[in-house]
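We're numbering straight along the sequence, starting at 1. Being a predicted model, the structure only gives us computed values, none of them experimental. Order of appearance sets the numbers: ligands from 1, and atoms from 1 within every ligand.
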Amino acid sequence: MTQFEQLRRAMAQAGVDALWVSDPANVRALSGFTSGKDGKVLVTPQGATLYTDARYTVQAQEESPLPAVIARPPDTYRDAAAALSGLRVGFEADHLTVSGLDDLREHWADATLVPVRGLIQKIRAIKTPEEIEAIRAAQALADQVYNEVRPMIQAGVRELDVALEIEMRLRRAGAENAFDVIVASGPRGAMPHGVASARVIEDGDLVTVDMGARLGGYNSDMTRTVAVGQPSEELARIYRAVLEAEEAAVAAVGPGVRAADLDALARDILTRHGLGEAFAHSLGHGVGLDVHEAPGLRGTSEDVLERGMIVTIEPGAYLPGLGGVRIEDLVLVTDAGHEVLSCAEKEQI
Ligand SMILES: CSCC[C@H](N)C(=O)N[C@@H](C)C(=O)N[C@@H](C)C(=O)O
């Protein structure tokens, strides 16, 4: 089934005749159009149209097979109105702003506007072979850059210099940074998203490095925690507990596995080590055009893993005043179980 056939089926299940797509990653998935600045897709019973403005006329022609209407709001809405009269039109409730919804209400008064959630994200969760190769390439580059930069993580070096080196090497290789590089050393390791600061790494620190490459629009995501010198026995114990949880969860990845069960598996291991409360986030998430996308690997998730999904497995433990550990792999769900796409070494501490 093509992506549009899957989408039309999902739209029918959601009870909408048409769909106004405003989330840039969803616009890209449906149209190929890569500008996140001004791109929308309108899916109607007759077909699909890309809307963007005159700054992107050439780009739209080059990137998208969809017919394009070049206009700015409110002309955009006026153009679409005729095709939508009397229809139930879905909009992306997780993305459209309140003022954006006001605009749709004003210009599409003859349509019934219906909030929908996750229709395209659900389709995007299962990657095509081309998408898998794109994410594999992004991760391979991230592995290479991590391996090149790993030797500089030493006492006396600032976190932000480590991050800058990673960012520069990714950019030089033609990629972007998927997100602000996290380099959290010593007590800063207690912040799961401690983006690199001016702190100077010290002997005995654990240092958490979380980085991703965005290559050809597709992201990777990986975390390693490394020791500088000899960390305390308490930090080493936490590291080993997180590694045990991470390896157990990775080993359990396969088609048919419930995301909530995977989260529980890792959480139970950390709880046995007295670190359940310190595991302050979900086990993982899907990765693709967005760094965080479906499926969600958390306790409340109803998602079930399927072949072709690419997810992170990233348990962590964060202890204010002491430090923290996160270990994250990027994992492809296969018929046989799984393939770990991230190859950078996980150290024994
Ligand atoms: C700001 S992007 C950071 C990416 C990072 N690798 C990451 O995914 N961190 C996780 C701890 C995270 O943010 N997980 C989310 C899905 C959560 O638990 O809500």
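Residues Thr49 and Tyr51 have side chains in contact (heavy-atom distance under 4.5 Å, counting atoms from C-beta outward).
Between Tyr77 and Trp108, the two ring planes are perpendicular [angle over 60°; tilted spans 30° to 60°].
Within ligand 1, counting atoms from 1 as listed, the ones closer than 4.0 Å to a heavy atom of Ser282 are 15 (C), 16 (C), 17 (C), 18 (O). The Glu314 neighbourhood of ligand 1 comprises atoms 6 (N), 7 (C), 8 (O), 9 (N), 10 (C), 11 (C), with distances under 4.0 Å to a heavy atom of that residue.
Considering each of Met222, Arg298, His292, Glu328, the one bringing a non-hydrogen atom nearest atom 7 (C) of ligand 1 is His292.
Hydrophobic clustering (ILVMFWY, side-chain heavy atoms < 4.5 Å, transitive): Leu341 and Val331 are in distinct clusters.
Scanning the protein for heavy atoms near atom 6 (N) of ligand 1, the closest one is Asp210 OD2, 2.6 Å. The nearest heavy-atom contact from the protein to atom 1 (C) of ligand 1 is His193 CE1, 3.9 Å.
The backbone N or O of Gly296 lies less than 3.5 Å from a partner atom in the side chain of Asp303, making a donor-acceptor pair. With Glu131 contributing its side chain and Gly288 its backbone, the two residues share no donor-acceptor pair below 3.5 Å.
For ligand 1, the polar-atom distance check finds no N/O of Thr223 at less than 3.5 Å from any of the ligand's N/O atoms. Residue-to-ligand polar distances keep Arg326 apart from ligand 1: every N/O pair is separated by 3.5 Å or more. Taking distance alone, with nitrogen or oxygen atoms compared against 3.5 Å, Asp221 approaches ligand 1 more closely than that limit.
A ring-ring contact (aromatic ring centres under 6.0 Å, His included) check over residues 176-230, counting only residues at least two apart or in different chains, returns nothing.
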